[in-house]
Amino acid sequence: QLQLVESGGGLVQSGGSLRLSCLVSGRTLDSGAIGWFRQAPGKGREGVACISANGEATNYANFVKGRFTISLDNAKNTVYLQMYGLKPDDTAIYYCALESGAYFSGGRYCYALEYAYDSWGQGTQVTVAS
C-alpha cells in the first residue's frame, strides 16, 4: 500500500531552519516526481518545490528560491526539504505528494502543480515565530 509520511515540522524562530522528510513506502521512486506543497491558515494549497524521481530535475516556487533545497535519497525512498531563513509567512502545513509518471515521466523536468500529484501525505506543521 502506497504511503507518504512527512516528518520534521515544528516551531522555529524567524531566520531559523528545519529539514522536512517525506518517506515513501509501497513503491520504488523510479518514475514521476515528488513535490512539496503547503497550506497556510485561511489560504489555498500552493506548490513549494519538486524533484524528479531520478533526482536530475528540480523546480522551486519563486518565494523559496535560495532558501529551500529539495533532495532525494533513493536508497531510503525519502525526499527532503531543507529550509533556511524561515519567515513567519512560511508558517503552514507542509505536504509531500507523489506524481506517478503521467506528467513527469521523463525525469527532465517537474512542476509543483497540485493537479498532477495523485498521492498525498498527511502533512506536517511548520510554525515560524517572529
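Counting begins at 1 with the first residue of the sequence. Both backbone and side-chain heavy atoms feed into the values below; hydrogens, waters and symmetry mates do not.
Side-chain contact check for Cys50 versus Trp36: every heavy-atom pair is 4.5 Å or farther apart.
Screening Asp73, Thr78, Val5 for a side-chain contact (heavy atoms from CB on, under 4.5 Å) involving Ser21 leaves a single residue, Thr78.
Taking OG1 of Thr127 as the reference point, atom CG of Asp90 lies at 11.0 Å (rounded to 0.5 Å). Note that the SG atom of Cys22 and the CD atom of Gln3 stand 11.0 Å from one another [nearest 0.5 Å]. Taken from OG in Ser25 to CG in Leu4, the straight-line distance is 7.5 Å, to the nearest 0.5 Å. Expressed to the nearest 0.5 Å, how far CZ of Arg27 lies from CD of Gln1 amounts to 14.5 Å.
Scanning both residues, Gly123 and Ile93, for their nearest heavy atoms gives CA-CG2, 3.8 Å. Heavy atoms only, all atoms of each residue included: Tyr117 and Ile34 are closest at CE2-C, 3.9 Å. Taking every heavy atom of both residues into account, Ala53 and Asp30 meet most closely at CB-C, 4.0 Å. Closest approach of Ser31 and Ser100 over heavy atoms only: OG-O, 3.6 Å. Nearest approach of Thr91 to Val128, heavy atoms of both residues: OG1-N, 2.9 Å.
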- Message: With side-chain contact (heavy atoms from CB on, under 4.5 Å) as the criterion, how do Ile70 and Tyr60 come out once you've worked through the C-alpha distance, each side chain's angles and the decisive distance to 0.1 Å?
- Response: CA-CA 9 Å; Ile70 190 170; Tyr60 296 89; 3.4 Å; yes

- Worked check of side-chain contact (heavy atoms from CB on, under 4.5 Å) between Glu46 and Phe63: CA-CA 11 Å; Glu46 60 184 355; Phe63 55 80; 3.6 Å; yes

- Query: Between Leu98 and Trp120, does a side-chain contact (heavy atoms from CB on, under 4.5 Å) hold up when you go through it step by step?
  - Reply: CA-CA 7 Å; Leu98 177 70; Trp120 293 79; over 6 Å; no

- Message: Working note: Val12 + Ser17, criterion side-chain contact (heavy atoms from CB on, under 4.5 Å); need CA distance, chi angles, decisive distance, verdict.
- Response: CA-CA 7 Å; Val12 65; Ser17 62; over 6 Å; no

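Using a distance-only test at 3.5 Å, with no hydrogens or angles considered, a donor-acceptor pair links the side chain of Thr124 to the main chain of Gly9. Proximity of a side-chain donor or acceptor of Asn59 to a complementary backbone N or O of Ser52 within less than 3.5 Å is not detected.
Residue Tyr80 is not grouped with residue Phe68 when hydrophobic side chains (ILVMFWY) are merged at heavy-atom distances under 4.5 angstrom, including chains of intermediate members. When the side chains of ILVMFWY residues are joined at heavy-atom separations under 4.5 Å, either directly or via intervening members, Phe37 and Val24 end up in two distinct hydrophobic clusters. Clustering ILVMFWY residues whenever any of their side-chain heavy atoms sit less than 4.5 angstrom apart, transitively, puts Val79 in the very cluster that holds Leu2.
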Considering only distance and modelled atom types, tabulate donor-acceptor pairs under 3.5 Å from the side chains of residues 81-89, sequence neighbours left out.
residue, atom, partner, partner atom, Å
Gln82, NE2, Leu18, O, 3.4

What pairs of donor and acceptor atoms, side-chain ones from residues 102-112 against any protein atom, are under 3.5 angstrom apart with sequence neighbours left out?
none

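Tyr95 does not carry Arg38 over the face of its six-membered ring by the limits of under 6.0 Å from the centre and within 45° of the normal.
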